[in-house]
Number of protein chains: 2
Amino acid sequence: MSSHDLNATAASLLGFLLEGPKTGWDLAEAVEQSVGYFWNVTRSQVYRELKTLAAAGLVSEKRAGVRDKVPFAITAAGRAAFTAWMAGPHAPDILRLPVVLTVFFGAHVAPEVLRNQLAEATQAHRARLEAYEALQPEVSEPYQRAALDLGVAYEKTLITWLEGLPWSAAPAPRRRKRSAPR
Amino acid sequence: MSSHDLNATAASLLGFLLEGPKTGWDLAEAVEQSVGYFWNVTRSQVYRELKTLAAAGLVSEKRAGVRDKVPFAITAAGRAAFTAWMAGPHAPDILRLPVVLTVFFGAHVAPEVLRNQLAEATQAHRARLEAYEALQPEVSEPYQRAALDLGVAYEKTLITWLEGLPWSAAPAPRRRKRSAPR
DNA sequence: CATATCATGTAAGAGGTTACATGATTAC
DNA sequence: GTAATCATGTAACCTCTTACATGATATG
């Protein structure tokens, strides 16, 4: 068991294979559409990990697919490795939030630069929030639903923070001396 | 300017050098102790990026330090590159939260495994929250303070979520027949 | 003078991204 | 039959982590 320690990416793929055999393509889709907001995995990684997992005997290739589909199924050893990973100690959380950096260094840039970044970030996170909220009623499995709920809470926190920042709003227009504006 | 596009890590180091010359060691400390919770940079990276930045003329080595200290100062070109990075489009947020994965796949593990993971995560995030809150009164610079505030808000969101999960608590002890509890 | 900590760095490997190549199937 | 998209994969490169090596200075 300890002979092949899983990396977290591989472990997550095994997790998806518990539902049944999947192709690399399907796995990439499944990851992106479910845990994508807190667990980033690219297609390239998927294919590479599948190869490694197959070599370690944790998944088995089922030559059965139509087209060029190559479905993989999790093996008994794969299940064991997944279980071990779930119980084991985890790597620390990783966050990389460029917007927050932009704010942190905000004193060193022109106000409109910061304002633009904040506006873009707000928009992006609003879009995500909407996507997650639209998903919520569809996800009934309680564990997956809980994960999604964190996504929603996270986005709300970020949006609230972004919109509460005093640098988000455009400054009140400078009033010219006794002029009829326009 | 566009001849050397900064990666985000390098950009953040330049940001810290705006305050004044720093050694690699100092930079690593500064990053970890200020933006560490949303911007992870290892010492190895720091030294490597400094070398790269020096080669590109964005920082200059000041052979002046006591001991073996090698302080670097940002150059005019470095300032320009930093400003460009701040204004430019940013890479998407990256989140890697193993705990959330554990919850997502919670159906596939024993309840106490999940409970343990949740308990550990809660403890870790409580500790972080306390650290940030202790820091808050010390940080008066408004932009840095805003960034720290997000850290606090983020930790609170996570903790609230963790503690609200029904799998966090130990199951109610099985009630023995007609017993006087305690 | 021994130990802790400061400070620099390298080496090797794992993990992650981007761009490209290739062909099958489906929809128009 | 042409275009979109499904599906697989490779190559090159960059980024990140871990472990190690080295020596100076400060603390007891």
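Worth knowing before you read on, the calculation uses all heavy atoms, side chains too, and leaves out hydrogens, waters and symmetry mates. In what follows, chains carry the letters A, B, and so on, assigned in the order in which the sequence lines appear, proteins first and then strands, with residues in each chain numbered from 1.
- Non-hydrogen atoms lying under 4.0 Å from DNA chain C are contributed by Asn40(A), Thr42(A), all within residues 20-42 of chain A.
- Here the straight-line distance linking atom OG1 of Thr157(B) with atom CG of Leu150(A) works out to 8.0 Å at 0.5 Å rounding.
- In terms of phosphate contacts, Arg96(B) brings no side-chain nitrogen or oxygen within less than 4.0 Å of OP1 or OP2 of dG15(C).
- For the pair Glu61(B) CD and dT8(C) P, the interatomic distance rounds to 10 Å; values are reported in whole Å.
- Counting to the nearest Å, the P atom of dA7(C) and the CG atom of Leu50(B) are 14 Å from each other.
- Lys51(B) has no side-chain polar atom (N or O) that falls below the 4.0 Å cut-off from OP1 or OP2 of dT8(C).
- Using a 4.0 Å cut-off, no side-chain N or O of Gln45(B) falls inside it from OP1 or OP2 of dT15(D).
- Taking the six-membered ring where the residue is Trp, the centroids of Phe16(B) and Phe104(A) are separated by under 6.0 Å.
- Checked by distance alone, Arg48(B) brings no side-chain donor or acceptor within 3.5 Å of a matching partner on the base of dG9(C).
- Between the base of dT18(C) and the side chain of Ser44(A) there is a donor-acceptor pair shorter than 3.5 Å.
- Within the structure, a side-chain polar atom (N or O) of Tyr47(A) is placed less than 4.0 Å from OP1 or OP2 of dT8(D).
- Rounded to whole Å, atom C1' of dT17(C) lies 14 Å from atom CD of Glu49(A).
- Residue Asn7(B) places at least one side-chain N or O closer than 4.0 Å to OP1 or OP2 of dT15(D).
- If you take OG1 on Thr52(A) and CG on Leu6(A), they are separated by 11.0 Å, rounding to the nearest 0.5 Å.
- There is a side-chain donor-acceptor pair under 3.5 Å between Asn7(B) and Glu49(B).
- By the 30° and 60° cut-offs, the orientation of the rings of Phe105(A) relative to Phe82(B) is perpendicular.
- Taking only side-chain nitrogens and oxygens, Arg43(A) never comes nearer than 4.0 Å to OP1 or OP2 of dG16(C).
- Computed from coordinates, the Ile94(B) CD1 to dT15(D) P distance equals 12 Å when rounded to whole Å.
- Ring centroids of Tyr154(A) and Tyr37(A) are separated by 6.0 Å or more, keeping the two rings apart.
- Note on Thr9(A): every side-chain N or O is 4.0 Å or more away from OP1 and OP2 of dG15(C).
- Trp39(A) carries Arg96(B) over the face of its six-membered ring, with the cationic atom under 6.0 Å from the centre and within 45° of the normal.
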